[in-house]
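These notes concern the structure reproduced below.
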Amino acid sequence: LHEPDTSKQSVEITEGCRLPVLRKNQEHEDEWPLAEILSVKDISGKKLYYVHYIDFNKRLDEWVTPDRLDIKKLQFPKKEAKTPMKNGLPGSRPSSPERDVKKSLDLHVQSASATSRGKTLPTPKRKAESVSLATQVTAATPVPSLPGSAEASQASVYPAMRDSSFSIKSRDEHEQLTSLTTNGTSSIQRHLIPPQPGRKRKSCGGTDEMVKMFQNNSPRCSTVYLLPGEDSQDSSDGIPSAPRMTGSLVSDRSHDDIVTRMKNIDCIELGRHRLKPWYFSPYPQELTSLPILYLCEFCLKYLKSLKCLQRHLTKCNLRHPPGNEIYRKGTISFFEIDGRKNKAYSQNLCLLAKCFLDHKTLYYDTDPFLFYVMTEYDSKGFHIVGYFSKEKESTEDYNVACILTLPPYQRRGYGKLLIEFSYELSKVEGKTGTPEKPLSDLGLLSYRSYWSQTILEILMDLKSENGERPQITINEISEITSVKKEDVISTLQYLNLINYYKGQYILTLSEDIVEGHERAMQKRHLRIDPKCLHFTPKDWSKRGKW
């Protein structure tokens with residue numbers, strides 16, 4: 001049992017200290033997880049501490065009072081070693097005197113080019129030997145498994161979500177099924193085995209792979225055969241060595257410092273909702289000290305007081321997002337907003353979204369992006385529920401850059417509706433698409449759920465012809481759903497459907513899988529109706545369209 005020391009503190013708690021902190025868990029029971037002190041502030045002589053709970057999501061970070069701290073188990077921050085580092089670079093192992101003598105010439109050359117010891121020198125890009133902390137590995141990027149590494153790589157694929165792992169051998173029994181890695185969780189491994197140059201590996205996602213289905217003795221259980229095909233020409237063999245520097249919210253964490261690690265807005269009032277932000281968002285500094293930040297729910301302009309908001313509402317004529325309404329069914333509408341034509345709205349939308357997205361940082365040039373805002377209609381207007389952004393031209397088949405359902409509307413099926421709408425747009429464009437990585441933890445759950453339900457729907461609807469087993473290829477599943485082939489394969493792996501039987505890859509749909517899918521589909525009331533979509537894709541490669 002932990003008991004906080006409420007007596008006068010004999011030691012000063014500073015930034016970087018770690019100690020158990022009292023908090024309530026989901027069952028509203030007391031627990032004392034280890035936390036790190038990120039900041040200390042003094043209000044009217046009373047100290048408050050901003051804490052990050054170790055191994056918990058940052059959205060749970062909060063200011064706490066001294067009575068919630070267990071001073072008895074205080075851990076002071078470790079002092080940085082002052083030993084000289086190899087080549088003068090931080091993070092390298094200390095040099096020994098013998099090595100210093102041998103490498104003295106090299107060190108002199110290095111020190112001449114380095115500006116100071118504390119700064120990281122720019123290093124040439126390498127394919128995959130070193131993966132920086134800023135590098136994010138995509139769910140659709142295959143990373144070849146080396147013999148003996150199957151368990152390690154599979155264990156890092158979906159941590160804390162699925163314990164079962166398997167490796168599948170192809171006919172020569174030396175090639176292994178490509179293991180797919182996904183970011184979006186805090187415990188994901190960042191250092192991955194580099195691909196061996198000059199060696200092609202077979203994947204179960206080959207272009208011409210055939211899937212055969214037949215009914216087992218159980219009428220609710222079916223099996224699919226996947227025949228190994230040729231290597232896919234469009235699948236990537238490596239992993240990106242640096243984050244993509246494009247996106248309405250760029251996934252670059254090199255800026256991450258103590259300021260951006262702390263929530264800076266206490267509360268946002270948006271229409272009839274008050275939102276508690278989860279993460280830092282770069283609103284103007286003078287607004288961060290306000291108890292409540294007021295937003296116009298139609299143009300998303302931020303204001304410092306209720307009086308300012310009321311004055312603004314008398315002049316704001318908007319009752320829906322700017323742009324074209326391209327979908328309406330019942331009370332649900334989607335608006336397409338051009339980031340170039342509606343810059344102020346797009347930037348305000350990104351600022352709001354950043355309060356609930358931690359894995360991205362703001363990128364103010366919204367010109368290359370389209371924003372699709374989902375709204376719910378009532379007598380007062382069209383109220384924002386969520387949105388996704390999308391590059392006008394994506395060289396990597398991304399059909400979503402950022403995606404968010406606002407907290408008041410979460411866990412009601414709107415997230416899946418946003419995802420389904422993004423794929424409906426891809427179908428009209430005649431393309432397959434995939435979301436830009438990394439996905440947040442909640443985004444990853446939503447996408448995996450959507451992919452699972454969509455693919456199982458296809459497999460269970462297959463009918464046999466002339467008494468023969470129905471057949472379908474991975475490519476056909478991809479074309480029907482507009483889900484990129486790599487995402488189809490990763491979903492089949494996640495569902496643990498793939499087995500190896502009599503020289504063939506097979507998918508076994510067990511009764512549990514079928515029943516679970518049917519239960520999930522019964523709960524899914526919100527669906528996109530393609531007949532209600534009025535959308536004409538543009539060729540953005542022609543600059544005149546911009």
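Every value quoted in this text rests on a predicted model; they were computed, and no experiment measured them. We count residues from 1, following the sequence as given.
- Between the side chains of Thr434 and Asp397, no donor N or O sits under 3.5 Å from an acceptor N or O.
- A side-chain hydrogen bond (donor to acceptor under 3.5 Å, both in side chains) check over residues 417-426, counting only residues at least two apart or in different chains, returns the pairs Asn399-Ser426, Glu420-Arg524, Glu420-Arg527, Tyr423-Trp451, Glu424-Lys427.
- Rounding to the nearest 0.5 angstrom, the gap separating the OG1 atom in Thr536 from the CG atom in Asn324 is 10.0 Å.
- Taking the six-membered ring where the residue is Trp, the centroids of Tyr327 and Phe535 are separated by 6.0 Å or more.
- Each of Lys392, Lys341, Lys343 was scored for a salt bridge (charged side-chain N to carboxylate O under 4.0 Å, His left out) with Asp367, with one residue passing: Lys343.
- Checked against the 6.0 Å centroid threshold, Phe334 and His534 do not count as a close aromatic pair.
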Show your reasoning for whether salt bridge (Lys or Arg N to Asp or Glu O under 4.0 Å) applies to Lys431 and Glu479. CA-CA 8 Å; Lys431 299 175 182 175; Glu479 285 167 16; over 6 Å; no

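- The distance from atom OG1 of Thr405 to atom CG of Leu417, rounded to the nearest 0.5 Å, is 9.0 Å.
- Between the side chains of Glu325 and Ser333, at least one donor N or O sits under 3.5 Å from an acceptor N or O.
- Taking the centre of each ring, His320 and Phe335 come in below the 6.0 Å mark.
- Taking Gln26 as the reference, nothing meets the side chain to side chain contact (heavy atoms under 4.5 Å, CB included) condition, with sequence neighbours excluded.
- Counting heavy atoms from C-beta on, the side chains of Ser478 and Val483 never come closer than 4.5 Å.
- Between Leu318 atom CG and Phe382 atom CZ the span is 12.0 Å, to the nearest 0.5 Å.
- Here CD1 of Ile384 is found 9.5 Å from CD of Glu297. Values are rounded to the nearest 0.5 Å.
- Using a 3.5 Å distance cut-off with no hydrogens or angles, the side chains of Ser541 and Asp539 do pair a donor with an acceptor.
- Expressed to the nearest 0.5 Å, how far CD of Glu31 lies from CZ of Arg23 amounts to 5.0 Å.
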Check the pair Arg272, Asp378 against salt bridge (Lys or Arg N to Asp or Glu O under 4.0 Å), reporting the backbone distance first and the verdict last. CA-CA 12 Å; Arg272 63 180 181 271; Asp378 66 15; 3.8 Å; yes

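- Once rounded to the nearest 0.5 Å, the distance linking OH of Tyr450 with CG of Leu418 reads 11.5 Å.
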